[in-house]
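Here the structure is laid out as C-alpha coordinates; the discussion comes afterwards.
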2 protein chains.
Amino acid sequence: MASALQRSSPSPKQALRRRSRFDRLLDPEVLKALAEPTRARLLSCLLKCGRPCSVTEVADCCSIDFSMVARHLATMARVGLLSSEKKGRTVWYAAHGSALATRFRDLADAIDELGPADACCDPSEPGDT
Amino acid sequence: MASALQRSSPSPKQALRRRSRFDRLLDPEVLKALAEPTRARLLSCLLKCGRPCSVTEVADCCSIDFSMVARHLATMARVGLLSSEKKGRTVWYAAHGSALATRFRDLADAIDELGPADACCDPSEPGDT
DNA sequence: GCTATACTTGTATCATGGCGTCAGCACTCC
DNA sequence: GGAGTGCTGACGCCATGATACAAGTATAGC
(Lines give C-alpha, C1' and ligand atoms only; values in the text may rest on other atoms or scores of the structure.)
Protein backbone atom coordinates (compact mmCIF):
# COMPACT_ATOMS: atom_id res chain seq x y z
CA MET A 1 0.00 0.00 0.00
CA ALA A 2 2.00 2.86 -1.29
CA SER A 3 -0.33 5.68 -0.41
CA ALA A 4 -3.48 5.13 1.58
CA LEU A 5 -4.53 8.70 0.90
CA GLN A 6 -7.19 7.74 -1.60
CA ARG A 7 -10.07 5.95 0.08
CA SER A 8 -12.52 3.62 -1.54
CA SER A 9 -15.19 5.17 -3.74
CA PRO A 10 -18.63 5.37 -2.14
CA SER A 11 -21.55 3.27 -3.26
CA PRO A 12 -24.33 5.01 -5.22
CA LYS A 13 -26.57 4.60 -2.23
CA GLN A 14 -24.11 6.50 -0.11
CA ALA A 15 -23.80 9.18 -2.75
CA LEU A 16 -27.57 9.54 -2.96
CA ARG A 17 -27.83 10.15 0.71
CA ARG A 18 -26.28 13.55 -0.05
CA ARG A 19 -24.51 14.06 3.19
CA SER A 20 -23.39 17.58 3.83
CA ARG A 21 -19.74 18.49 3.50
CA PHE A 22 -19.61 18.58 7.27
CA ASP A 23 -20.85 15.01 7.55
CA ARG A 24 -18.30 13.86 5.03
CA LEU A 25 -15.40 15.68 6.62
CA LEU A 26 -16.23 14.56 10.15
CA ASP A 27 -14.92 11.11 9.31
CA PRO A 28 -15.27 8.88 12.39
CA GLU A 29 -12.36 6.75 11.23
CA VAL A 30 -9.98 9.68 11.12
CA LEU A 31 -11.22 11.19 14.35
CA LYS A 32 -11.04 7.86 16.13
CA ALA A 33 -7.50 7.48 14.88
CA LEU A 34 -6.64 10.90 16.25
CA ALA A 35 -8.51 10.42 19.51
CA GLU A 36 -6.11 7.85 20.88
CA PRO A 37 -3.38 9.52 22.97
CA THR A 38 -0.71 7.06 21.88
CA ARG A 39 -1.49 7.65 18.22
CA ALA A 40 -1.63 11.40 18.75
CA ARG A 41 1.82 11.18 20.29
CA LEU A 42 3.16 9.22 17.34
CA LEU A 43 1.59 11.64 14.89
CA SER A 44 3.02 14.57 16.78
CA CYS A 45 6.42 12.93 16.66
CA LEU A 46 6.19 12.39 12.92
CA LEU A 47 4.97 15.91 12.30
CA LYS A 48 7.80 17.34 14.36
CA CYS A 49 10.37 15.23 12.60
CA GLY A 50 9.22 16.57 9.28
CA ARG A 51 10.64 13.60 7.45
CA PRO A 52 9.67 9.98 6.89
CA CYS A 53 10.48 7.72 9.83
CA SER A 54 10.66 3.97 10.12
CA VAL A 55 8.62 2.09 12.70
CA THR A 56 11.79 1.31 14.60
CA GLU A 57 12.79 4.96 14.79
CA VAL A 58 9.39 6.06 16.04
CA ALA A 59 9.27 3.25 18.58
CA ASP A 60 12.71 4.21 19.83
CA CYS A 61 12.05 7.91 20.19
CA CYS A 62 8.67 7.49 21.83
CA SER A 63 9.61 4.57 24.09
CA ILE A 64 6.55 2.63 23.05
CA ASP A 65 6.37 -1.09 22.45
CA PHE A 66 7.41 -1.80 18.91
CA SER A 67 4.45 -3.85 17.78
CA MET A 68 2.08 -1.21 19.15
CA VAL A 69 3.84 1.49 17.16
CA ALA A 70 3.67 -0.62 14.02
CA ARG A 71 -0.01 -1.19 14.55
CA HIS A 72 -0.83 2.43 15.30
CA LEU A 73 1.15 3.74 12.36
CA ALA A 74 -0.58 1.25 10.07
CA THR A 75 -3.94 2.35 11.43
CA MET A 76 -3.20 6.00 10.78
CA ALA A 77 -1.93 5.22 7.30
CA ARG A 78 -5.08 3.24 6.60
CA VAL A 79 -7.34 6.19 7.37
CA GLY A 80 -5.12 8.56 5.44
CA LEU A 81 -3.42 10.40 8.27
CA LEU A 82 -0.01 9.14 7.21
CA SER A 83 1.52 8.03 3.99
CA SER A 84 3.68 4.96 3.92
CA GLU A 85 6.35 3.84 1.56
CA LYS A 86 8.13 0.54 1.71
CA LYS A 87 11.78 0.58 0.75
CA GLY A 88 13.39 -2.79 1.07
CA ARG A 89 12.44 -4.16 4.44
CA THR A 90 11.81 -0.77 5.95
CA VAL A 91 8.51 1.11 5.86
CA TRP A 92 8.83 4.86 5.96
CA TYR A 93 5.85 6.61 7.46
CA ALA A 94 5.40 10.30 6.89
CA ALA A 95 2.89 12.79 8.23
CA HIS A 96 1.90 15.58 5.92
CA GLY A 97 1.23 18.55 8.12
CA SER A 98 -0.07 20.79 5.39
CA ALA A 99 -2.58 18.20 4.18
CA LEU A 100 -3.77 17.61 7.73
CA ALA A 101 -4.07 21.33 8.37
CA THR A 102 -6.05 21.73 5.16
CA ARG A 103 -8.35 18.97 6.24
CA PHE A 104 -9.11 20.73 9.51
CA ARG A 105 -9.62 24.06 7.77
CA ASP A 106 -12.03 22.43 5.35
CA LEU A 107 -13.90 21.00 8.29
CA ALA A 108 -14.03 24.43 9.89
CA ASP A 109 -15.36 25.90 6.64
CA ALA A 110 -17.95 23.16 6.41
CA ILE A 111 -19.14 23.96 9.92
CA ASP A 112 -19.48 27.61 9.00
CA GLU A 113 -21.47 26.59 5.93
CA LEU A 114 -23.97 24.61 7.97
CA GLY A 115 -27.19 26.34 8.79
CA PRO A 116 -30.97 26.07 9.15
CA ALA A 117 -31.07 25.56 5.37
CA ASP A 118 -30.04 21.95 5.98
CA ALA A 119 -32.19 21.72 9.06
CA CYS A 120 -32.89 18.21 10.23
CA CYS A 121 -35.52 19.26 12.70
CA ASP A 122 -38.20 21.83 12.04
CA PRO A 123 -37.16 25.24 13.29
CA SER A 124 -39.95 25.77 15.77
CA GLU A 125 -39.35 28.14 18.63
CA PRO A 126 -37.33 27.00 21.60
CA GLY A 127 -39.03 26.88 24.92
CA ASP A 128 -39.85 30.21 26.47
CA THR A 129 -42.32 28.29 28.64
CA MET B 1 -11.41 22.38 48.82
CA ALA B 2 -9.76 25.63 49.69
CA SER B 3 -8.33 26.62 46.36
CA ALA B 4 -9.21 24.59 43.37
CA LEU B 5 -7.53 27.29 41.34
CA GLN B 6 -4.06 26.15 42.24
CA ARG B 7 -4.62 22.60 41.30
CA SER B 8 -3.87 23.34 37.66
CA SER B 9 -0.25 24.36 38.15
CA PRO B 10 1.85 21.77 36.36
CA SER B 11 4.68 19.91 37.98
CA PRO B 12 8.16 20.98 36.92
CA LYS B 13 8.41 17.77 35.00
CA GLN B 14 5.25 18.57 33.09
CA ALA B 15 6.40 22.08 32.44
CA LEU B 16 9.69 20.80 31.15
CA ARG B 17 7.95 18.56 28.75
CA ARG B 18 6.64 21.75 27.09
CA ARG B 19 3.78 20.35 25.11
CA SER B 20 3.26 22.14 21.86
CA ARG B 21 0.05 23.96 20.99
CA PHE B 22 -0.71 21.01 18.76
CA ASP B 23 -0.55 18.57 21.65
CA ARG B 24 -2.86 20.74 23.70
CA LEU B 25 -5.39 21.29 20.92
CA LEU B 26 -5.54 17.64 19.91
CA ASP B 27 -7.69 16.93 22.93
CA PRO B 28 -8.48 13.20 23.03
CA GLU B 29 -11.69 13.84 24.95
CA VAL B 30 -13.07 16.14 22.29
CA LEU B 31 -11.92 13.98 19.41
CA LYS B 32 -13.33 10.87 21.04
CA ALA B 33 -16.62 12.69 21.50
CA LEU B 34 -16.63 13.62 17.83
CA ALA B 35 -15.47 10.21 16.64
CA GLU B 36 -18.68 8.44 17.56
CA PRO B 37 -21.07 8.38 14.57
CA THR B 38 -24.16 8.74 16.74
CA ARG B 39 -22.74 11.79 18.49
CA ALA B 40 -21.57 13.25 15.19
CA ARG B 41 -25.12 12.88 13.93
CA LEU B 42 -26.54 14.62 16.97
CA LEU B 43 -23.99 17.41 16.70
CA SER B 44 -24.73 17.80 13.01
CA CYS B 45 -28.42 18.03 13.83
CA LEU B 46 -27.83 20.70 16.45
CA LEU B 47 -25.52 22.68 14.18
CA LYS B 48 -28.05 22.57 11.36
CA CYS B 49 -30.86 23.64 13.62
CA GLY B 50 -28.90 26.68 14.65
CA ARG B 51 -30.88 27.02 17.84
CA PRO B 52 -30.96 25.31 21.22
CA CYS B 53 -32.84 22.03 21.22
CA SER B 54 -34.18 19.91 24.03
CA VAL B 55 -33.19 16.28 24.42
CA THR B 56 -36.68 15.24 23.40
CA GLU B 57 -36.52 17.24 20.19
CA VAL B 58 -33.18 15.81 19.19
CA ALA B 59 -34.26 12.27 20.04
CA ASP B 60 -37.40 12.73 17.96
CA CYS B 61 -35.72 14.15 14.89
CA CYS B 62 -32.90 11.63 14.90
CA SER B 63 -34.97 8.59 15.83
CA ILE B 64 -32.51 7.54 18.49
CA ASP B 65 -33.34 6.07 21.87
CA PHE B 66 -34.04 8.90 24.24
CA SER B 67 -31.69 7.90 27.02
CA MET B 68 -28.87 7.50 24.52
CA VAL B 69 -29.45 10.99 23.21
CA ALA B 70 -29.49 12.39 26.72
CA ARG B 71 -26.24 10.65 27.55
CA HIS B 72 -24.51 11.61 24.30
CA LEU B 73 -25.55 15.24 24.56
CA ALA B 74 -24.36 15.33 28.17
CA THR B 75 -21.05 13.85 27.06
CA MET B 76 -20.56 16.46 24.37
CA ALA B 77 -21.49 19.23 26.76
CA ARG B 78 -18.99 17.88 29.27
CA VAL B 79 -16.11 18.14 26.83
CA GLY B 80 -17.24 21.55 25.68
CA LEU B 81 -18.70 20.71 22.30
CA LEU B 82 -22.14 21.87 23.36
CA SER B 83 -23.50 24.32 25.83
CA SER B 84 -26.46 23.41 27.98
CA GLU B 85 -28.96 25.48 29.81
CA LYS B 86 -31.65 24.14 32.08
CA LYS B 87 -34.93 25.98 32.01
CA GLY B 88 -37.54 24.43 34.22
CA ARG B 89 -37.53 20.74 33.53
CA THR B 90 -36.12 21.12 30.05
CA VAL B 91 -32.44 21.22 29.14
CA TRP B 92 -31.61 23.19 26.02
CA TYR B 93 -28.49 22.04 24.28
CA ALA B 94 -26.85 24.28 21.70
CA ALA B 95 -23.92 23.75 19.37
CA HIS B 96 -21.78 26.76 18.63
CA GLY B 97 -20.57 26.34 15.10
CA SER B 98 -18.29 29.32 15.09
CA ALA B 99 -16.49 28.23 18.24
CA LEU B 100 -16.05 24.74 16.86
CA ALA B 101 -14.78 26.09 13.55
CA THR B 102 -12.31 28.30 15.40
CA ARG B 103 -11.11 25.31 17.35
CA PHE B 104 -10.36 23.38 14.17
CA ARG B 105 -8.65 26.38 12.58
CA ASP B 106 -6.47 26.77 15.65
CA LEU B 107 -5.56 23.13 15.38
CA ALA B 108 -4.70 23.60 11.72
CA ASP B 109 -2.52 26.58 12.63
CA ALA B 110 -0.83 24.57 15.36
CA ILE B 111 -0.02 21.84 12.85
CA ASP B 112 1.51 24.40 10.51
CA GLU B 113 3.58 25.70 13.41
CA LEU B 114 5.06 22.30 14.14
CA GLY B 115 8.44 21.61 12.69
CA PRO B 116 11.84 20.05 13.18
CA ALA B 117 12.51 22.78 15.74
CA ASP B 118 10.44 20.74 18.21
CA ALA B 119 11.90 17.51 16.90
CA CYS B 120 11.38 14.54 19.15
CA CYS B 121 13.74 12.31 17.24
CA ASP B 122 17.09 13.37 15.92
CA PRO B 123 16.88 14.44 12.31
CA SER B 124 19.22 11.93 10.82
CA GLU B 125 18.84 11.02 7.20
CA PRO B 126 16.00 8.73 6.08
CA GLY B 127 16.83 5.53 4.43
CA ASP B 128 19.01 5.78 1.43
CA THR B 129 20.79 2.83 2.97
C1' DG C 1 -50.25 15.90 46.99
C1' DC C 2 -50.97 13.60 42.52
C1' DT C 3 -49.80 12.99 37.87
C1' DA C 4 -47.45 13.89 33.69
C1' DT C 5 -43.37 15.39 31.61
C1' DA C 6 -38.31 15.85 30.91
C1' DC C 7 -34.36 14.27 31.97
C1' DT C 8 -30.72 11.45 34.64
C1' DT C 9 -28.80 7.46 36.41
C1' DG C 10 -28.24 2.39 37.28
C1' DT C 11 -27.66 -1.99 35.44
C1' DA C 12 -26.75 -5.62 32.24
C1' DT C 13 -25.09 -6.94 27.82
C1' DC C 14 -22.36 -6.71 24.04
C1' DA C 15 -18.89 -4.88 20.70
C1' DT C 16 -14.78 -2.50 20.04
C1' DG C 17 -10.21 -1.59 20.60
C1' DG C 18 -5.73 -1.12 23.11
C1' DC C 19 -2.08 -3.88 24.70
C1' DG C 20 1.66 -7.46 25.07
C1' DT C 21 3.47 -11.67 23.34
C1' DC C 22 4.87 -14.61 19.98
C1' DA C 23 5.09 -16.67 15.49
C1' DG C 24 5.81 -15.80 10.78
C1' DC C 25 6.90 -13.39 6.51
C1' DA C 26 9.88 -10.38 3.55
C1' DC C 27 13.99 -8.54 2.75
C1' DT C 28 19.18 -7.76 3.14
C1' DC C 29 23.72 -9.06 4.08
C1' DC C 30 27.13 -12.54 4.68
C1' DG D 1 21.22 -20.75 1.86
C1' DG D 2 21.53 -19.15 6.64
C1' DA D 3 21.32 -15.45 9.96
C1' DG D 4 19.76 -11.08 11.25
C1' DT D 5 16.61 -7.21 10.75
C1' DG D 6 12.11 -4.88 10.11
C1' DC D 7 7.63 -5.40 10.03
C1' DT D 8 2.90 -7.81 10.11
C1' DG D 9 -0.64 -10.94 11.81
C1' DA D 10 -2.90 -13.79 15.19
C1' DC D 11 -4.09 -14.66 19.76
C1' DG D 12 -5.85 -13.76 24.37
C1' DC D 13 -6.59 -10.49 28.12
C1' DC D 14 -8.66 -6.60 29.66
C1' DA D 15 -10.71 -1.80 29.87
C1' DT D 16 -13.72 1.19 27.81
C1' DG D 17 -17.83 2.52 25.99
C1' DA D 18 -22.22 2.07 23.23
C1' DT D 19 -26.75 0.40 23.72
C1' DA D 20 -31.31 -0.78 25.72
C1' DC D 21 -34.29 -1.08 29.39
C1' DA D 22 -35.82 0.31 33.79
C1' DA D 23 -35.92 2.92 37.85
C1' DG D 24 -35.11 7.34 39.95
C1' DT D 25 -35.16 12.51 40.30
C1' DA D 26 -36.79 17.12 39.39
C1' DT D 27 -40.10 20.23 37.74
C1' DA D 28 -44.76 21.93 36.15
C1' DG D 29 -49.64 21.84 36.02
C1' DC D 30 -53.77 20.32 38.21
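Only a predicted model underlies this, so the values are computations on that prediction, with no experimental measurement involved. Just so it is clear: chains get the letters A, B, ... in the order the sequence lines come, proteins before strands, and each one is counted from 1.
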Backbone of L73(A) reached by a side-chain donor or acceptor of R39(A) within 3.5 Å | no

For nucleotides 3-5 of chain C, give me every protein contact, N/O to N/O, under 3.5 Å, one pair per line with atom names.
from, atom 1, to, atom 2, distance (Å)
dT5(C), O2, R89(B), NH1, 3.4

Salt bridge (charged side-chain N to carboxylate O under 4.0 Å, His left out) partners of residues 68-85 of chain B, not counting sequence neighbours, each pair once = E29(B)-R78(B)

Distance, rounded to the nearest Å, where L42(A) contributes CG and dC7(D) contributes P | 13 Å

Could you pull out all residues at least two apart from T38(A) that satisfy side-chain hydrogen bond (donor to acceptor under 3.5 Å, both in side chains)?
-> E36(A)

Bending between helix ends of the helix from dG1(C)-dC30(D) to dC30(C)-dG1(D) [5 pairs per end, 10° resolution] = 20°

H72(B) side chain N/O closer than 4.0 Å to the phosphate oxygens (OP1, OP2) of dG17(D)?
-> no

Atom pairs, protein N/O to nucleotides 20-22 of chain C N/O, distance under 3.5 Å:
from, atom 1, to, atom 2, distance (Å)
dG20(C), N7, R71(A), NH2, 3.2
dG20(C), O6, R71(A), NH1, 3.0
dG20(C), O6, R71(A), NH2, 2.6
dT21(C), O4, S67(A), OG, 3.4
dT21(C), O4, R71(A), NH2, 3.4

In whole Å, what is the span from the CH2 atom of W92(B) to the P atom of dT8(C)?
-> 13 Å

Ranking T75(A) and G88(A) by the position along DNA chain C of their nearest nucleotide, the one closer to 5' is T75(A)

side-chain hydrogen bond (donor to acceptor under 3.5 Å, both in side chains) against S67(B), all qualifying residues, sequence neighbours excluded = D65(B)

To the nearest Å, how far apart are F66(A) CZ and dT8(D) P?
-> 7 Å

Heavy-atom pair with the smallest gap, counting every atom of F22(A) and A40(B) = CE2-O, 4.5 Å

So, is T90(A) close to the dT5(D) phosphate, meaning a side-chain N or O under 4.0 Å from OP1 or OP2?
-> no

Give one of base, sugar-phosphate or nothing for K32(B), where a contact means two heavy atoms less than 4.0 Å apart.
-> sugar-phosphate

Solution key, residues 104-111 of chain A side-chain donor-acceptor pairs under 3.5 Å, sequence neighbours excluded:
from, atom 1, to, atom 2, distance (Å)
R105(A), NH1, D112(B), OD2, 3.3
R105(A), NH2, D109(B), OD1, 2.7
R105(A), NH2, D112(B), OD2, 2.8
D109(A), OD1, R105(B), NH2, 2.7

Closest listed nucleotide, where the reference is the side chain of E36(A) and the choices are dC7(C), dC7(D), dC19(C) | dC19(C)

Across all chains, not counting sequence neighbours, the salt bridge (charged side-chain N to carboxylate O under 4.0 Å, His left out) partners of R21(B) are E113(B)

Partners passing side-chain hydrogen bond (donor to acceptor under 3.5 Å, both in side chains) against S83(B) (at least two apart in sequence or in another chain) = H96(B)

Residues at least two apart in sequence or cross-chain that pass side-chain contact (heavy atoms from CB on, under 4.5 Å) with V30(B), listed by chain then number, are D27(B), L34(B), V79(B), L81(B), R103(B)

Taking atom P of dT25(D) as reference, at what distance in whole Å does atom NZ of K86(B) sit?
-> 13 Å

